[in-house]
Number of protein chains: 2
Amino acid sequence: MLRKKTSSNDVARIARVSQSTVSRVFSDSDAVRQKTRDKVLAAARKLGYAPNALARSLITRRTDIVGIVMADMTNPFYPTVLEKLTQRLQSTGRRALLFNVTPDRDVDDTLPLLLQYQVDAIIITSATISSEMTNECARRGTPVILFNRYVPGAEMSAVSCDNVAGGRLVADLFLNAGHTRLAYIAGRKNTSTNLDREKGFGERLRERGCPDWLYEPGEYTYESGFAAAQRLLARNDPPDAIFCANDIMAMGALDAARELAIKIPDALSIIGFDDIPAAGWPAYRLTTIQQPVDQMIEATLEMLDARIKDPDLAPVHRWIPGALIKRCSAKIRDAETTSHAK
Amino acid sequence: MLRKKTSSNDVARIARVSQSTVSRVFSDSDAVRQKTRDKVLAAARKLGYAPNALARSLITRRTDIVGIVMADMTNPFYPTVLEKLTQRLQSTGRRALLFNVTPDRDVDDTLPLLLQYQVDAIIITSATISSEMTNECARRGTPVILFNRYVPGAEMSAVSCDNVAGGRLVADLFLNAGHTRLAYIAGRKNTSTNLDREKGFGERLRERGCPDWLYEPGEYTYESGFAAAQRLLARNDPPDAIFCANDIMAMGALDAARELAIKIPDALSIIGFDDIPAAGWPAYRLTTIQQPVDQMIEATLEMLDARIKDPDLAPVHRWIPGALIKRCSAKIRDAETTSHAK
DNA sequence: ATCGTTCGTGAATACGTATTCAAGGACAAT
DNA sequence: ATTGTCCTTGAATACGTATTCACGAACGAT
């Protein structure tokens with residue numbers, strides 16, 4: 001069995017042309033006479049030749065590889081993101097080098113590995129990055145974009161849903177429906193998504209003269225949502241409306257309520273965030289704020305492309321409004337129309 | 001801003017050594033005197049130098065990149081697989097180049113791209129590959145391993161759960177529990193997982209003198225499971241036990257039964273396959289056959305490593321037994337113990 | 001003092017491609 | 001016939017690293 005990898009030189013030899021010509025045929029930018037092009041292609045087919053992307057990248061200084069750093073892959077929101085992201089990258093002639101990290105520490109340790117592979121850009125989802133690493137990437141001219149996270153005050157590009165507006169919307173929905181004892185089940189502390197959703201929620205409640213609400217910590221997992229809801233519902237003064245920082249916790253909360261035979265939404269309204277596929281299942285029918293994944297991805301790629309072209313572009317942050325998806329887990333005043341969170 | 005990438009030559013110059021020595025320090029295989037090593041490392045740190053993995057791979061003929069081809073990423077079983085797979089690859093010093101494909105046609109078109117990047121090996125999950133492509137990979141000496149799929153009779157390595165045994169086990173459970181009208185909701189036609197689960201199920205039923213059972217097509221999605229169950233339960237002779245080819249369809253089936261107020265498991269037993277996280281949620285408590293993901297991944301990596309070392313090793317197929325996870329969606333005879341599907 | 005061995009280092013080369021430069025040929029205009 | 005332009009091609013070089021080869025120094029044994 002022939003184990004020798006065939007190179008453009010081999011093709012050149014049997015096509016009786018120079019290596020340059022073979023290269024020109026396969027980078028198909030340069031002009032080659034049709035007849036010689038055919039000769040080269042015939043020889044290439046015969047040898048099963050395909051250009052070595054590594055050698056090519058070494059000289060073009062472009063790999064067409066985008067690094068994706070992802071934490072929290074088991075949160076059902078992210079597989080969708082990953083799927084759409086890789087598909088969009090592939091459809092624009094790029095490939096994804098995937099790294100899985102734990103949310104906090106690992107990113108900074110992982111990035112050097114990515115950089116060694118000379119990736120054209122980096123997308124970090126559901127995790128953040130230190131300023132030093134950001135600077136290192138900037139120095140090398142490798143664009144970095146945070147997806148669904150950001151670092152307040154830091155100079156890095158980011159794309160996320162407008163979580164503050166989403167939180168405010170939920171506050172309005174609850175108050176308009178006549179709820180009086182509200183609660184918030186939080187996502188992982190110090191993630192920007194959690195902080196912003198809570199901020200918008202609390203801010204709007206205060207504005208409307210309702211400064212007191214219950215708070216339970218959570219971790220963006222089903223189990224933590226379930227447990228947090230149990231704690232809330234075991235109180236002497238249980239809430240009549242719960243805003244969960246994401247859908248998967250909201251489902252946990254719904255199941256906790258179900259175990260206590262609490263009528264949803266009559267005795268308790270629950271609203272989530274994300275609109276993962278399972279939110280629509282008959283067992284849940286979760287009312288939620290939808291993250292506009294497609295738009296977020298398009299925005300990410302736009303920003304990426306612009307910064308690959310000009311690495312010195314200033315960092316920018318894009319917030320994309322979410323949309324209310326009305327289902328059956330929350331009492332909603334009739335007048336309330338399915339609308340974008342502004 | 002300094003945009004010039006620093007190379008080992010730059011480091012060599014300011015450390016006053018040769019480029020060879022710098023290389024030796026960073027490939028840390030070869031002997032370098034401690035004092036010169038320190039000089040080099042100091043210079044490297046000063047310049048922010050990190051070796052170029054592409055140039056290195058060009059000469060070592062190893063990229064430490066493993067290509068992962070994945071279809072069906074939104075089936076909740078696969079994010080877990082992907083997460084564990086990438087983590088194991090990372091922990092053994094390798095990285096994952098991820099491709100997303102539609103189950104059928106795309107794989108063959110995608111593989112050439114992967115090969116151009118000189119990946120050390122390829123893992124294909126929930127999809128298959130043509131024999132021609134397999135041969136092409138073999139010719140190049142790039143090991144390919146199918147994960148959770150195989151092509152009967154074809155010469156390729158594969159790792160999967162013992163789906164036939166799983167199907168047989170379910171048949172036994174149903175019959176032992178006294179069920180008489182059985183049904184199977186299928187996964188995507190002509191996937192080996194679906195065929196084997198159905199085969200084991202039907203085979204065992206026939207062996208035990210129960211050759212007739214209902215069949216509904218499905219597509220491994222929640223919606224298809226829901227619809228298939230609706231069709232089954234609308235019959236004049238509805239089944240009293242349904243085996244679903246995967247968990248997500250089983251959840252759809254459970255919800256369909258719930259809408260008809262059918263008592264689970266008294267009036268209807270439902271068993272799934274996979275044991276995805278949601279199977280354990282209180283809303284479902286799905287009895288299922290667990291795929292031993294960790295073992296399957298270890299087996300995959302073992303086979304991979306062996307074939308990277310010796311590309312001429314013969315293809316091999318490993319079937320790993322699944323385990324029954326008893327929850328509340330199926331009536332199970334008391335004597336039945338939580339056991340491995342043999 | 002001589003020899004053989006080991007250790008540390010540098011010069012040179014290879015990996016497989018893209019790109020620059022020069023050159024040759026064809027061809028039209030004069 | 002001469003000049004100039006365009007088109008096509010090949011030779012040479014660069015990309016950034018690992019590795020082979022050779023060489024000198026150091027060192028122990030005799």
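For the numbers below, each heavy atom of this structure counts, side chains included, while hydrogens, waters and symmetry mates do not. Here is how names work: the chains are called A, B, and so on, in the same order as the sequence lines, proteins then strands, and each is numbered from 1.
In this structure, B:Q118 atom CD and C:dC15 atom C1' are separated by 11 Å, rounded to whole Å. Rounded to an integer number of Å, the gap from A:Q19 CD to D:dA12 P is 13 Å. In this structure, CZ of A:R24 is placed 13 Å from C1' of C:dT17, rounded to the nearest angstrom. For the pair B:Q34 CD and C:dT9 C1', the computed distance is 16 Å after rounding to whole Å. Between the CZ atom of A:R33 and the C1' atom of C:dC27 there is a distance of 15 Å, rounded to whole Å. D:dG10 atom C1' lies 15 Å from atom CZ of A:R16, rounded to whole Å. Distance B:D10 CG to D:dG16 C1': 10 Å, rounded to the nearest Å. If you take CG of A:D38 and C1' of D:dT9, they are 16 Å apart, rounded to a whole angstrom.
Within 4.0 Å of A:V17, counting heavy atoms only, lie sugar-phosphate atoms of the nucleic acid but no base atom. Across all strands shown, B:V32 has heavy atoms under 4.0 Å from sugar-phosphate atoms exclusively, and none from any base. Counting any heavy atom pair closer than 4.0 Å across all strands shown, B:S23 reaches a base atom.
Regarding contacts with the backbone of D:dG16, every side-chain N or O of A:Y117 stays at 4.0 angstrom or more from both OP1 and OP2. Taking side-chain N and O atoms only, B:S18 has no distance below 4.0 Å to OP1 or OP2 of C:dA11.
A donor atom on one side chain and an acceptor atom on the other are not found under 3.5 Å apart for A:T134 and A:S131. No hydrogens or angles considered: a donor-acceptor pair under 3.5 Å links the side chains of A:R94 and A:T92.
Side-chain N or O atoms of B:Q90 include one that pairs as donor or acceptor with a backbone N or O of A:N100 at under 3.5 Å. A distance-only check finds a donor-acceptor pair linking the side chain of B:D108 to the backbone of B:S130 [under 3.5 Å]. Counting only distance, with no hydrogens or angles, the side chain of B:S8 and the backbone of B:V22 share no donor-acceptor pair below 3.5 Å.
In terms of polar N and O atoms assigned as donor or acceptor, the side chain of A:S20 never comes within less than 3.5 Å of the base of C:dA18 in a complementary pairing. Within 3.5 Å, no donor on the side chain of B:R61 pairs with an acceptor on the base of C:dG16, nor the reverse.
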Test side-chain hydrogen bond (donor to acceptor under 3.5 Å, both in side chains) on A:S126 and A:D72 and set out the steps.
-> CA-CA 7 Å; A:S126 72; A:D72 216 11; 5.1 Å; no
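Here the nucleotide nearest the side chain of A:T21, chosen from C:dG8, D:dT9, D:dT17, is D:dT9.
Using a 4.0 Å cutoff on non-hydrogen atoms, the parts of residues 50-60 of chain B near DNA chain C are B:L58, B:I59, ordered by number.
Test B:V119, B:L97, B:L98, B:L304 against B:V66 for side chain to side chain contact (heavy atoms under 4.5 Å, CB included) and you get one pass: B:L304.
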